[in-house]
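Worksheet for the structure shown next.
Remember, it's 1-based here, ligands and their atoms both numbered in the order they're listed.
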Amino acid sequence: MNKKIGFIGAGSMAESVIAGIVNAEILPTTNIMVTNKSNKKRLEKMEEDYNIRAISDTKRMVDACDILILATKPHDVQATISSIKEHIRSEQLVISVSAGISTDYISSLIGQDVSVIRAMPNTSAAVRQSATAIAAGKYADETHIKEAEELFSTIGPTTVVKEEDMHTVTGISGSGPAYIYYLVEAMEKAAVESGLAEETARKLITQTVIGAGNMLKNSEESAGELRKKIMSPNGTTQAGIDTLKRHDFEKIIIECVRSARQRSMELGERE
Ligand SMILES: NC(=O)C1=CN([C@@H]2O[C@H](COP(=O)(O)OP(=O)(O)OC[C@H]3O[C@@H](n4cnc5c(N)ncnc54)[C@H](O)[C@@H]3O)[C@@H](O)[C@H]2O)C=CC1
Ligand SMILES: O=C(O)[C@@H]1CCC=N1
């Protein structure tokens with residue numbers, strides 16, 4: 001790829017994607033530009049760490065880029081686009097990672113038929129293990145999808161979905177790592193309360209999550225089948241799972257995902 005890419009927003013998500021692209025060496029690092037609202041020190045640090053170009057004038061960066069990656073918080077999208085819309089050109093590709101915000105809304109703010117792609121990565125991007133979903137807006141075509149896939153595949157596997165599924169995707173894989181961390185926090189607490197050293201608990205639980213993840217990825221069997229293989233009749237796992245069932249674990253998780261999905265829809269409702 002020999003495109004110039006500008007990140008609008010220099011937060012944790014922008015940095016993870018930048019790190020992935022730089023590591024994968026799919027384009028010269030000087031083709032990558034980044035800007036933010038105010039924190040000049042952070043920009044300078046990113047320039048130094050990744051040998052990319054920190055640009056304090058967002059409009060100048062927009063002028064210089066082929067692809068713009070919108071990585072501000074959802075509530076900053078409107079003001080951000082308003083401040084640069086005169087500089088956006090119809091041949092540019094805009095990729096947004098903002099939760100909840102639709103491509104139609106972004107197009108309407110830009111006020112031109114610009115190609116817009118929506119992507120939902122997760123924080124495992126930092127270790128190049130993001131599960132990233134990509135959806136095309138009405139002006140984006142197969143070439144734009146391919147470009148987005150090329151960029152985001154540097155931080156983990158990508159999956160193309162219909163835009164209407166993006167809220168659900170956000171509820172499972174965008175927010176998903178946090179659910180797993182919460183489960184781990186609880187397991188660590190239980191282990192420490194039973195007298196296990198914190199470090200020992202962390203090591204064992206971390207490997208348990210990695211191992212289960214690899215099993216899910218590599219096995220032909222479903223999650224349910226894998227679980228049943230661990231549950232000897234009347235054994236320890238059955239005792240644990242029975243407790244989860246008694247406390248409606250499945251219902252709680254379904255509600256958890258629904259709430260995240262609902263929140264994603266609300267974030268988009270400022271449209
Ligand atoms: N953190 C996560 O797990 C995930 C976050 N996202 C989405 O990524 C987006 C960014 O999230 P984070 O990186 O966590 O946020 P963050 O708060 O760390 O970064 C936001 C950045 O946007 C910049 N910004 C705000 N207004 C601007 C403007 N007018 N011009 C230029 N820069 C501006 C800020 O200066 C800051 O650098 C959010 O929309 C979020 O929904 C998507 C997937 C996962
Ligand atoms: O919590 C959030 O709003 C963002 C979107 C997906 C993960 N974090």
As a check for students: among [options], identify the option with a heavy atom nearest to [atom].
| atom | options | value |
| --- | --- | --- |
| atom 14 (O) of ligand 1 | Ser12, Ser16, Ser38, Gly11 | Ser12 |
| atom 6 (C) of ligand 2 | Gly100, Ser264, Gly174 | Gly174 |
| atom 42 (C) of ligand 1 | Val97, Ile69, Thr35 | Val97 |
| atom 28 (C) of ligand 1 | Ile84, Thr80, Thr132 | Thr80 |

Are the side chain of Glu163 and the backbone of Ala135 linked by a donor-acceptor contact shorter than 3.5 Å?
-> no

Are the side chain of Gln92 and the backbone of Arg89 linked by a donor-acceptor contact shorter than 3.5 Å?
-> yes

Consider every N or O of [X] and every N or O of ligand 1, then say whether any pair is closer than 3.5 Å.
| X | answer |
| --- | --- |
| Ser83 | no |
| Thr123 | no |
| Gly174 | no |

Please check atom 4 (C) of ligand 2 for a protein heavy-atom neighbour under 4.0 Å.
-> no

Should Arg53 and Ile32 count as side-chain neighbours, where that means a heavy-atom distance under 4.5 Å?
-> no

For the residue pair Ile52 and Thr30, establish whether any side-chain heavy-atom pair is separated by less than 4.5 Å.
-> no

Heavy atom under 4.0 Å from ligand 1: found in Ala71's side chain, backbone, both, or neither?
-> backbone

Ligand 1 versus Asp76, non-hydrogen atoms closer than 4.0 Å: side chain, backbone, both, neither?
-> side chain

In ligand 2, the atoms that come under 4.0 Å of a heavy atom of Ala99 are 5 (C)

Can you tell me the protein heavy atom closest to atom 1 (O) of ligand 2 and the distance?
-> Ser175 OG, 4.7 Å

